[in-house]
Participant: 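Below you'll find the structure I mean.
Model, not experiment: these values are computed from the prediction. Throughout, residue positions are numbered sequentially from 1 according to the sequence presented.
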Amino acid sequence: MFIAVSAYAQRSGQQLAVFEGVGITEQLGAQIPLNLTFYDESGQPVSLKAFFDGRRPVLLTLVYHDCPMLCNLMLDGLTRTLRQMTWAPGEQFQVLTISFNAIETPELARRQKARYLQELGRPEAAAGWHFLTGDSLSIQALTRAVGFHFRWVPAQQQFAHPAALIFLSGNGMVARYLYGLEHNAADVRKALVEASEGKVGNVLDQVILYCFQYDPNQNSYVANAYNLMRLGGGLTVLGLGVMLLFFWRRERRRQQQAMHAPA
């Protein structure tokens with residue numbers, strides 16, 4: 001039996017007994033503990049802070065690799081989204097895929113990394129997409145910090161858990177959640193720009209983020225009518241100013257030429 005729960009179901013009140021206590025309690029603005037130690041794909045211990053450089057955002061996915069369906073669907077969806085993006089893990093941002101099943105091993109994480117890098121088709125992303133495993137204490141500390149609630153269901157021998165992309169700032173602050181299995185590449189880019197507080201992206205990214213805001217009801221970024229009107233008004237005033245300056249300078253030049261013209 002497929003066991004899954006999404007934040008949508010939690011918000012809509014469609015709770016089943018098996019999902020009690022499962023979901024996400026958003027912790028926007030919270031700091032995750034960067035001193036936690038996990039294990040990379042080679043089995044080497046690594047501190048979380050190694051992935052945070054203070055500038056580039058981090059996209060966090062919490063999964064377990066033996067999941068019969070949901071986690072693989074989520075990572076499949078993330079891979080498709082990453083393929084559509086011009087940005088790549090390791091360049092403008094980092095991706096952390098961390099198992100919340102304490103019995104899973106670095107070897108399993110290594111196989112998953114190889115699989116998804118092959119699906120992504122960008123070998124250079126190996127330096128920016130990390131598959132980590134850890135002990136129960138580190139897992140609990142991290143999942144608690146980001147408000148990720150899951151539980152083991154003995155009758156099904158599976159975890160019940162939510163599906164979400166969690167965006168962290170370059171200093172490890174929780175900045176945004178995007179729920180579900182499939183995500184628009186433009187939304188992911190906006191979330192990364194937002195999480196970085198403008199430290200990644202270009203001027204156009206800043207303008208787009210100014211004109212759009214995250215709508216939790218639509219789980220997407222939607223046009224911000226007020227900011228669009230402000231931007232439009234500002235551009236109109238700027239355009240009028242440039243036009244008036246052009247005519248003023250042309251008129252002034254014409255008058256100077258008339259004054260210096262031979263009688």
Side-chain angles (χ1 to χ4, degrees), residues 1-10 18-19 21-27 32 36-43 46 48 51 57-83 89 93-120 125-126 128-153 156-168 174 176-183 188 191 219:
M1 174 182 173
F2 171 68
I3 299 177
V5 65
S6 73
Y8 296 124
Q10 187 186 35
V18 71
F19 297 144
V22 175
I24 286 181
T25 305
E26 293 195 352
Q27 302 293 319
I32 69 167
L36 298 177
T37 297
F38 287 87
Y39 296 92
D40 66 16
E41 307 88 350
S42 65
V46 58
L48 269 189
F51 304 103
V58 174
L59 194 168
L60 171 67
T61 56
L62 293 166
V63 301
Y64 73 107
H65 298 306
D66 274 339
C67 183
M69 185 175 293
L70 182 62
C71 297
N72 289 332
L73 290 176
M74 187 171 72
L75 292 178
D76 288 345
L78 174 60
T79 304
R80 284 190 290 273
T81 298
L82 294 176
R83 276 205 302 261
F93 62 102
Q94 299 278 336
V95 180
L96 291 181
T97 295
I98 301 180
S99 171
F100 57 81
N101 185 351
I103 67 171
E104 292 195 331
T105 64
E107 169 60 22
L108 183 55
R110 187 187 64 76
R111 292 202 300 268
Q112 286 289 82
K113 178 171 182 172
R115 170 190 169 185
Y116 284 104
L117 284 178
Q118 183 176 16
E119 289 189 15
L120 180 59
W129 192 350
H130 313 277
F131 286 68
L132 308 182
T133 51
D135 59 38
S136 59
L137 290 179
S138 293
I139 290 170
Q140 289 172 16
L142 177 61
T143 54
R144 187 167 52 246
V146 298
F148 183 93
H149 308 295
F150 62 100
R151 61 181 295 222
W152 177 250
V153 183
Q156 307 301 331
Q157 291 294 293
Q158 298 179 29
F159 283 100
H161 62 92
L165 305 182
I166 304 172
F167 296 82
L168 307 171
V174 181
R176 180 61 61 211
Y177 298 82
L178 291 180
Y179 299 101
L181 304 177
E182 298 286 344
H183 302 278
V188 171
N219 189 40

Participant: Can you check whether Y177 reaches Q27 side chain to side chain, under 4.5 Å on heavy atoms?
Facilitator: yes
Participant: With sequence neighbours left out, what residues match H183 under ring-ring contact (aromatic ring centres under 6.0 Å, His included)?
Facilitator: none
Participant: In Å and rounded to the nearest 0.5 Å, what is the CG to CG distance from L62 to L165?
Facilitator: 10.5 Å
Participant: Under the salt bridge (Lys or Arg N to Asp or Glu O under 4.0 Å) rule, collect the residues that match up with E41, sequence neighbours excluded.
Facilitator: K113
Participant: Applying side-chain hydrogen bond (donor to acceptor under 3.5 Å, both in side chains), name anything that partners T133, two or more places apart in sequence or on another chain.
Facilitator: none
Participant: Sequence neighbours left out, what passes side-chain hydrogen bond (donor to acceptor under 3.5 Å, both in side chains) with R111? Give chain and number order.
Facilitator: E107
Participant: Can you list every salt bridge (charged side-chain N to carboxylate O under 4.0 Å, His left out) pair that touches residues 141-151, not counting sequence neighbours?
Facilitator: none
Participant: Quick one, L96 and H130 - any side-chain contact, counting heavy atoms below 4.5 Å?
Facilitator: yes
Participant: Can you list everything that forms a ring-ring contact (aromatic ring centres under 6.0 Å, His included) with Y64? Sequence neighbours excluded, please.
Facilitator: F100, F159, H161
Participant: The criterion is side-chain contact (heavy atoms from CB on, under 4.5 Å); which residues satisfy it with A125, sequence neighbours excluded?
Facilitator: P89, L117, L120, R122
Participant: Test: salt bridge (charged side-chain N to carboxylate O under 4.0 Å, His left out). Region: residues 64-78. Which pairs qualify, not counting sequence neighbours?
Facilitator: D76-R115
Participant: Excluding sequence neighbours, so at least two apart, what forms side-chain hydrogen bond (donor to acceptor under 3.5 Å, both in side chains) with E182?
Facilitator: R80
Participant: Looking at I139 and G134, what are the two nearest heavy atoms and their distance?
Facilitator: CD1-O, 3.4 Å
Participant: If you look at every heavy atom in S138 and T37, which pair is closest and at what distance?
Facilitator: OG-O, 3.1 Å
Participant: Using a 4.5 Å cut-off on heavy atoms from C-beta on, say whether the side chain of I32 contacts that of L60.
Facilitator: no
Participant: The criterion is side-chain hydrogen bond (donor to acceptor under 3.5 Å, both in side chains); which residues satisfy it with T97, sequence neighbours excluded?
Facilitator: T61, W129
Participant: How about D40 and S42: does a side-chain donor come under 3.5 Å of a side-chain acceptor?
Facilitator: yes
Participant: Would you please name every residue forming a side-chain contact (heavy atoms from CB on, under 4.5 Å) with A164, sequence neighbours left out?
Facilitator: I24, Y179
